[in-house]
Number of protein chains: 2
Amino acid sequence: MTPSQNIKTFLEAGPEYLPSVSVDCVIFGFHERQLKVLLLEFKHTKAFALPGGFVFKEESADEAATRILWERTGVKDIYLEQFHTFGEQNRGNWDVHKATMSSHGFELETNHWLLQRFISIGYYALVDFSKVIPTPDIFSDIGGWHDIHQIPTLILDHNRIVEKALSTLRLMLDYKLVGFNLLSETFTMNELQSLYETILDKKLLRANFQRKMLSMEILERVEKKFSGKAHKPPYIYRIKKTT
Amino acid sequence: MTPSQNIKTFLEAGPEYLPSVSVDCVIFGFHERQLKVLLLEFKHTKAFALPGGFVFKEESADEAATRILWERTGVKDIYLEQFHTFGEQNRGNWDVHKATMSSHGFELETNHWLLQRFISIGYYALVDFSKVIPTPDIFSDIGGWHDIHQIPTLILDHNRIVEKALSTLRLMLDYKLVGFNLLSETFTMNELQSLYETILDKKLLRANFQRKMLSMEILERVEKKFSGKAHKPPYIYRIKKTT
DNA sequence: TCAAAAGTGTTTTTTTTACACCCATGG
DNA sequence: CCATGGGTGTAAAAAAAACACTTTTGA
């Protein structure tokens, strides 16, 4: 199928989706001590947006989010949580969509389903940065990973969605033990701490952080790493299998 | 307008609403040391349900919730918070609606908008019990206030929605100072404490509770109440105006 | 043997919990 | 003048924060 045929198929798939409902995903990753968000960039218009999509009539909203996430990252079994639903009136009026489609030779009528008002259910995902293979959708190029402090201007209310996702993540961090999902399967205490420090945007005392994490009894030591550096090598931890 | 005409008008109003999107409200009230939820009861079928409704194309989801709440309680300026969106596939298939309408002489076709699958945005509201005048909608009678521990079986997933609302309220209670909204404008420390005890479902120490509440510096004393009882009268408190 | 990073231990401070005491009122 | 519920004080316990010390490694 040519890209153009893909788009045609998509534009005609309106009736398969639940009308008025969309899903937007804030995909968090952690790399080089930075908390990052995966964005898409619409072709031609160069507008940035969150990865999103629509809900098939034969799937739940959660399933839709999981599917969208998988399509954009190649990863299944992702930690995923709904955090807020955005129902403002000004959601819709997708000049970007119109322009993008136009550039592909599709002129959308003003009452086309893609240009209607949508409610958006917001999900945030915590992924292992190293496992993700960003994959654009048919409208978009890969927008890449962006540091949480340097998110460009996004379409619609997507900047607000990112803000809300971040504040929810911060709340959850010391309520649920959730941060691990952003690291690879094994990690050092230092990596875990710098993850927490990045998300919470404040320094933590090493000694106390270590005690707190270990006191929860969900970490187990794997082995020592001999990093080749001139100091005591750290333990490697992983999450206990709770079987 | 006769009731029957009302229903006809409503059934034809489908195009004015955002398709697939509904709003359900868990309205909490506090009375006689019980946390209560306001329910509706569908006429004829006797099925209980949460007060809910749909979102007009010209209003936001929050506005819709506010409107629905006002219609069912006669109260504006209600403390209202979105807590979760329910997007399961089995939402829809409204046998109850069908039966109710049928009993009014309206036979709905299976593709009628009211019988489609709906996503439901859940809101919980905290209201001053004494100010509420429960008002049924056109399908329903007043289902009345039900103790949170004795909620009857509700339609669809509404029982789950109540559960989720309650657990969110419990979390919020010691995160945001939110409980006051369930009391009348002035209240005693004893009333406030029994409210907390009811919601959290555990006893609290009187002395410490008092200290904690006062330490937040959002309460002010109004006067003493001379209750006519044989003991020291309590202070009356109200929330400080944060002007 | 030294510097650097990791791990553990100890003290201090703050917060939470528990309990005791005093106060005002109407009978 | 006392029983009762309301308000305040203080001690004990627990949790959090701050700081110090020890361990392991490669240079």
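Quick note on labels: first sequence line is chain A, next is B, and so on, each numbered from 1. It should be emphasised that the depicted structure is a prediction, and the values quoted were computed from it without experimental measurement. As a basis for the values below, the full set of heavy atoms in this structure was taken, side chains included, without hydrogen atoms, waters or symmetry mates.
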In whole angstroms, the gap separating C1' of D:dG7 from CE of B:Met213 amounts to 16 Å
Would you call the rings of B:Phe28 and B:Tyr124 parallel, tilted or perpendicular if under 30° counts as parallel and over 60° as perpendicular? perpendicular
To the nearest angstrom, the NZ-C1' distance between A:Lys232 and C:dA6 comes to 5 Å
Notebook entry, point to check: Is it true that atom CD of B:Glu185 has more than 12 heavy atoms of other residues, nucleotides or ligands lying nearer than 6.0 Å?
Noted result: no
For residues 158-178 of chain B, the ring pair (Phe, Tyr, Trp, His ring centres under 6.0 Å) pairs (sequence neighbours left out) are none
For nucleotides 8-17 of chain D, 5' to 3', base contacts (B), sugar-phosphate-only contacts (S) and non-contacts (-) with protein non-hydrogen atoms under 4.0 Å give BBB------B
Ring geometry between B:Phe118 and B:Phe54 (parallel below 30°, tilted from 30 to 60°, perpendicular above 60°): tilted
- Item | Worked verdict on A:Lys202 versus A:Glu197 for salt bridge (Lys or Arg N to Asp or Glu O under 4.0 Å) | CA-CA 5 Å; A:Lys202 69 175 176 191; A:Glu197 289 181 339; over 6 Å; no
(message) Is there a ring-ring contact (aromatic ring centres under 6.0 Å, His included) between B:Phe83 and B:Tyr123? Walk through the geometry before answering.
(response) CA-CA 6 Å; B:Phe83 64 95; B:Tyr123 286 82; 8.0 Å; no
From CZ of A:Phe209 across to P of C:dG7 the rounded distance in Å is 12 Å
Whole-Å distance, B:Asp174 CG to C:dT15 P, equals 16 Å
With a cut-off of less than 4.0 Å, is there a side-chain N or O of A:Asn190 near OP1 or OP2 of C:dA5? no
